[in-house]
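Take a look at the structure set out below.
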Amino acid sequence: MNAGSSVEVYWHNQLVGKIALTESGVCAFEYSPSFLQNGFSISPFELPLKSGVFLAKPHPFNGNFGVFDDCLPDGWGMIILERYLQKKGVKPRTVSVLDKLSLVGTSGRGALEFRPDQSIFERNTIPDFDTLANEAQQILSSATYTGMGVEQLYMQGGSPGGARPKVFIIADNQEWLVKFRATYDAEDIGKTEYHYSLLAQKCGIEMPPTQLFEAKYFGVQRFDRRATEKIHIASVAGLLNADYRMPCIDYFAIFQLCSLLTRNAQEMWKLYRLMVFNFIIANKDDHAKNFAFMYQNNEWKLAPAYDLLPSKGMNGYHTTTINDKIEPTRNDVIEVASKAGMDKSQAEQIFESIQTIIANDSL
């Protein structure tokens with residue numbers, strides 16, 4: 001389980017650089033000379049493409065860099081990792097961040113890979129979803145349960161984020177993420193999320209293909225995989241070193257980030273549609289890790305939308321503020337677009353269009 005004194009980071013089989021732990025327990029990273037010549041900044045604000053050693057901040061990622069923390073499990077993923085380690089006789093608290101990155105290995109989200117690679121994940125075709133869903137409920141309801149399903153859920157889970165249990169599968173020669181209900185979810189949560197994914201598409205929001213497996217389990221095609229290519233992904237939380245577990249940013253900051261990264265008006269309007277949709281359906285779980293950017297063909301773009309559901313957020317308020325308001329109005333939504341330099345009349349038209357589509361929805 002010991003990854004050693006350092007972990008190598010790879011992108012498309014090219015050595016990006018190395019990560020090591022300092023005596024104070026924070027990560028140090030240095031780009032490889034070859035990647036400095038031919039690569040790109042994997043995290044433009046935190047790790048600009050230049051020589052020298054970078055030191056991570058102690059918080060909010062426990063001494064890790066945000067772009068690498070994006071590759072690690074959180075929420076459900078951390079629960080299943082810890083149960084798996086316990087089942088193997090390993091105390092989770094003895095596992096370092098380098099060990100965790102090594103356990104992710106070649107199986108994490110996005111395109112970054114870590115060596116030594118200690119991953120053991122599988123991408124089965126179609127597993128027995130009912131059995132896995134029941135095992136997930138056992139794990140969530142007991143702090144000590146390490147039954148048969150722990151190993152299979154771990155091996156098919158990769159490094160998933162979010163609170164709800166999930167697995168990765170292969171269907172129709174594509175990789176899919178399939179979700180199960182969490183303890184607090186309604187029985188038909190899968191159907192509900194599927195419905196909102198279709199509604200988002202009607203509203204002009206870029207979404208990956210979605211489907212219902214066995215008429216009840218929500219599945220979404222992975223947008224960080226294209227045929228045999230892995231696509232580099234970085235969340236807003238990872239890019240800005242923002243603590244997604246608590247309110248910490250405003251939508252305007254995401255627009256500023258989008259403008260700096262993409263320099264593309266189309267991407268700004270994609271983000272605007274997403275903000276409007278979240279506002280109208282009352283998706284208040286709009287934290288900094290639920291927005292991401294992808295690097296492909298030498299440019300950054302806003303990643304397709306995900307986790308679109310009405311939700312209470314933290315204390316009933318939007319996790320990401322809108323125009324610095326936790327209880328925003330329509331005018332606040334429009335004002336954010338205006339502050340971001342976008343055409344106000346077009347912003348109003350898009351708002352009205354999305355509002356009409358959602359108002360006429362039959363759910």
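Sequential numbering from 1 along the given sequence is applied to the chain's residues. What you see is a predicted model, and the numbers here were worked out from it, not measured in a lab.
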Counting N and O atoms only, with roles assigned by atom type, does the side chain of [X] sit under 3.5 Å from a partner on the main chain of [Y], one being a donor and the other an acceptor?
X    : Y    : answer
D343 : Q346 : yes
S102 : D99  : no
D224 : A111 : no
T320 : D286 : yes
S32  : L15  : yes
Q118 : L103 : no
S107 : V104 : yes
D361 : I358 : no

Minimum heavy-atom distance between [X] and [Y], given as atom pair plus value:
X    : Y    : answer
F129 : V167 : CE2-CG2, 4.5 Å
S43  : L239 : OG-CD2, 3.9 Å
P208 : P304 : CD-CB, 3.8 Å
M207 : A305 : SD-O, 3.4 Å
L308 : Y196 : O-CB, 3.4 Å
I19  : V9   : CD1-CG2, 3.5 Å

Would you mind checking if [Y] and [X] are paired as a salt bridge, meaning a charged N to carboxylate O distance below 4.0 Å?
X    : Y    : value
D332 : K325 : yes
D307 : K179 : yes
R330 : E352 : yes
D69  : K289 : yes
E151 : K87  : no
K270 : E206 : yes
R222 : E175 : yes

* To do: Starting from the C-alpha separation in whole Å, work towards a yes-or-no answer on side-chain contact (heavy atoms from CB on, under 4.5 Å) for F255 and V336.
  => CA-CA 8 Å; F255 277 96; V336 169; 3.7 Å; yes

* To do: In sequence, state the C-alpha distance, the side-chain angles, and the governing distance for E113 and K230, and then conclude on salt bridge (Lys or Arg N to Asp or Glu O under 4.0 Å).
  => CA-CA 10 Å; E113 299 179 347; K230 292 183 175 182; 2.7 Å; yes

Could you verify whether a donor N or O on one side chain and an acceptor N or O on the other, from [X] and [Y], lie under 3.5 Å apart?
X    : Y    : answer
Q152 : Q156 : yes
T329 : N331 : no
D130 : Y217 : yes
K339 : N323 : yes

Does [atom1] in [X] sit with more than 12 non-hydrogen atoms of other residues, nucleotides or ligands closer than 6.0 Å?
X    : atom1 : answer
E229 : CD    : yes
N360 : CG    : yes
M314 : CE    : yes

Looking at [atom1] of [X] and [atom2] of [Y], how far apart are the two atoms once the value is rounded to the nearest 0.5 Å?
X    : Y    : atom1 : atom2 : result
L199 : I280 : CG    : CD1   : 9.5 Å
R273 : I205 : CZ    : CD1   : 8.0 Å
N264 : K301 : CG    : NZ    : 7.0 Å

Could you tell me whether [X] and [Y] have their ring centroids closer than 6.0 angstrom?
X    : Y    : value
W300 : Y295 : yes
F114 : Y10  : no
F213 : F218 : no
Y272 : Y251 : no

* **Derivation and outcome, salt bridge (Lys or Arg N to Asp or Glu O under 4.0 Å), residues R115 and E8** => CA-CA 5 Å; R115 301 178 190 174; E8 292 181 332; 5.7 Å; no

Answer yes or no: is there a side-chain heavy-atom contact under 4.5 Å between [X] and [Y]?
X    : Y    : value
Y154 : L85  : no
T183 : Q137 : yes
V97  : C27  : yes
K57  : E46  : no

* Would you please classify the geometry between the F35 ring and the Y31 ring as parallel, tilted or perpendicular, with 30° and 60° separating the classes? =>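 Ring orientation, 0 to 90° scale: parallel.
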
* Asked: Taking the inter-plane angle between the rings of Y244 and F61 on a 0 to 90° scale, is it parallel (under 30°), tilted (30 to 60°) or perpendicular (over 60°)?
  ->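 Taking F61 first and then Y244, their aromatic rings lie parallel (interplane angle under 30°).
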
* Verify same cluster id: L72, I231 (apolar side-chain graph, 4.5 Å) ->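 Looking at the clustering, I231 is in a separate group from L72.
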
